[in-house]
Structure formats: C-alpha cells, structure tokens
Amino acid sequence: MVQRKRAVIYCRVSTADQNCERQLSDLQQFAQQAGYDIIGQFTETASGAKNDRQQRNKVLELAQARKIDVVLVSELTRWGRNTLDLLHTLEKLADYNVSIIAQTGLQFNLSTAEGKLIAGFMSSLAEFERSLLRQRIMSGMDAAKTNGKKLGRQKGHNPSDKYKDKVLSYLSEGRSVRWIAHDLQISKTTVNAIVKRYSKYLVAA
C-alpha cells in the first residue's frame, strides 16, 4: 500500500479586510483530489514585504522535524516575499525533502531535474533583483555625499553604525532583519535602528 503524503496548507492575505476562506476551501479540495493527508492548516495576514511570518515559520519547523512531505499554497506569491526569499525557503525545504505544490498542480521540488531548472532560473532572477537594490542603495549614498552629508561611523555618534555597511549589504541581498541580527550577533532592535537611520538609501532610485 502506497503511503499517502502528509501535507499542510498555507494561506496568506495582505490586509485585515481580507480572509483566507476561499484559499482554504480550494486547497482542501485540491488535497482531497490529490490524495494528501492534511495534518495542519496555517493562515496569516501579512503584506508581501513583511519579514516575520510566524505561521510560515511554524510550517518550516514542521518540515525540519520531518513531519510533513508537501506544502500546499494557492500560488507562490502567497508563500515567498520575493524571488530571493522564495529560492531560499525552497532550498531549505529541499534539505528536509519537502516540496511546495501550487494549486495549479505545479510542483517545486529541487530534487528533480525540473525543480533544479526552475531554481536556476530563480537564482538568476534573484541576483538581478539584488543588483537593482544594490544600485539603489549606492545611488542613495552617492547622492548624500554629493549633498555634503557624511556617511559611516562618526565619533560620538551611534556606535552601532560600525555594522551599517554589512546591514545594508545584507538588506540588498534580501536578508531578513532576524537573519541579519543573528549573523552579526546583534539585536533586532539595533538592526532596525540602523535601517531607520539609513532607510533613505534603501528607497533612493
């Protein structure tokens, strides 16, 4: 007897005036038709750019614990914040032998030839996105220098600015505040403070 795959459903909406009922209903039906055993359903309200998604983190924890085989989503934009985040989480799930399956039936499994091809494409696209963001950051810094503003750590001002270059660099790579704080061994509050001070360089075109 073939063992049925264990699945979790993940749904996300962007604003509080929306709900996940339609996504849940459609994915429940999809799981039934595909023969998956649903062991959990996770829903949350979060914008596409929000870093901290608690419910998605719970799904990743289940994957790490080897308690699931697939993650069901209505579409990939519901799961990934951007191309880099999507690729990063797909690689993480692949380490746990877990794949993401969209409602269209398209399966993202990096252990297959098709999955590796898709990952390669996304990696190239993610690098393009990083390049664009890096250019905006550097453009903002150059503009500030031209206008006579001093950048970098200045004596007696914000000791945490010694992390500024690395924080901005990591942000340009699409890293989350939590990831940056862990990597640099500083608090998320410190990272957020640096981002706040230099946010104009992140949005400058």
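Only this structure's heavy atoms are used, side chains among them; waters, hydrogens and symmetry mates stay out.
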Discussion item. Tell me which one of V73, V71, V70 satisfies side-chain contact (heavy atoms from CB on, under 4.5 Å) with I101.
Written reply: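 So, applying the side-chain contact (heavy atoms from CB on, under 4.5 Å) to I101 and each of V73, V71, V70, only V70 qualifies.
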Discussion item. Is there a side chain to side chain contact (heavy atoms under 4.5 Å, CB included) between I38 and L27? Walk through the geometry before answering.
Written reply: CA-CA 10 Å; I38 301 175; L27 288 171; over 6 Å; no
Fill in: Check: T190 and V167 side chains under 4.5 Å, non-hydrogen atoms
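Sidechains of T190 and V167: no contact.
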Discussion item. Counting C-beta onward and ignoring hydrogens, is there a side-chain heavy-atom pair between K58 and V8 closer than 4.5 Å?
Written reply: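 Side chain of K58 against side chain of V8, heavy atoms only: no contact under 4.5 Å found.
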Using every non-hydrogen atom in the two residues, find where [X] and [Y] come nearest and quote the distance to one decimal.
{"X": "R4", "Y": "D37", "result": "NE-OD1, 2.7 Å"}
{"X": "N57", "Y": "R178", "result": "ND2-NH1, 3.3 Å"}
{"X": "R78", "Y": "S14", "result": "NH1-OG, 4.3 Å"}
{"X": "L60", "Y": "K92", "result": "CD2-CD, 4.3 Å"}
{"X": "F42", "Y": "Q55", "result": "CD2-OE1, 3.4 Å"}
{"X": "A63", "Y": "V98", "result": "CB-CG2, 3.9 Å"}

Would you give the length of the straight line joining atom [atom1] of [X] to atom [atom2] of [Y], rounded to the nearest 0.5 angstrom?
{"X": "E75", "Y": "I100", "atom1": "CD", "atom2": "CD1", "result": "12.5 Å"}
{"X": "Q28", "Y": "C11", "atom1": "CD", "atom2": "SG", "result": "8.0 Å"}
{"X": "I194", "Y": "L168", "atom1": "CD1", "atom2": "CG", "result": "8.0 Å"}
{"X": "W79", "Y": "L93", "atom1": "CH2", "atom2": "CG", "result": "5.5 Å"}
{"X": "Y163", "Y": "L184", "atom1": "OH", "atom2": "CG", "result": "7.0 Å"}
{"X": "I39", "Y": "K67", "atom1": "CD1", "atom2": "NZ", "result": "8.0 Å"}

By side-chain hydrogen bond (donor to acceptor under 3.5 Å, both in side chains), which residues pair with [X], not counting sequence neighbours?
{"X": "Q64", "answer": "none"}
{"X": "D26", "answer": "R22"}
{"X": "R6", "answer": "D69"}

Worksheet entry | side-chain hydrogen bond (donor to acceptor under 3.5 Å, both in side chains) between Q103 and Q23, intermediate numbers included | CA-CA 9 Å; Q103 191 177 327; Q23 291 183 49; over 6 Å; no
Practice prompt. For the residue pair Y36 and F30, categorise the inter-ring angle as parallel (less than 30°), tilted (30 to 60°) or perpendicular (more than 60°).
Written response: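 Rings of Y36 and F30: tilted, 30 to 60°.
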Worksheet item: Got a sec: does the CD of E21 have more than 12 other heavy atoms crowding it under 6.0 Å?
Response: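 No, the 6.0 Å shell around CD holds no more than 12 heavy atoms from other groups.
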Discussion item. Within the supplied structure, the quantity of interest is the number of heavy atoms (other residues, nucleotides, ligands) at a distance under 6.0 Å from Q54 CD; does it exceed 12?
Written reply: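 No - once you tally the heavy atoms of other residues, nucleotides and ligands closer than 6.0 Å, there are 12 at most.
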Discussion item. Same cluster or not: V13 versus I9, using hydrophobic residues (I, L, V, M, F, W, Y) connected whenever any side-chain heavy atoms lie under 4.5 Å apart?
Written reply: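 No, V13 does not connect to I9 through the hydrophobic network.
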Item to complete: Verify, without hydrogens or angle tests, whether R12 (side chain) and A46 (backbone) share a donor-acceptor contact under 3.5 angstrom.
Response: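 Pair found, side chain donor or acceptor close to backbone of A46.
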Worksheet item: Would D183 and K166 count as a side chain to side chain contact (heavy atoms under 4.5 Å, CB included) if you check the C-alpha gap in whole Å, the side-chain angles of each, and the deciding distance to 0.1 Å?
Response: CA-CA 10 Å; D183 185 76; K166 286 189 175 180; over 6 Å; no
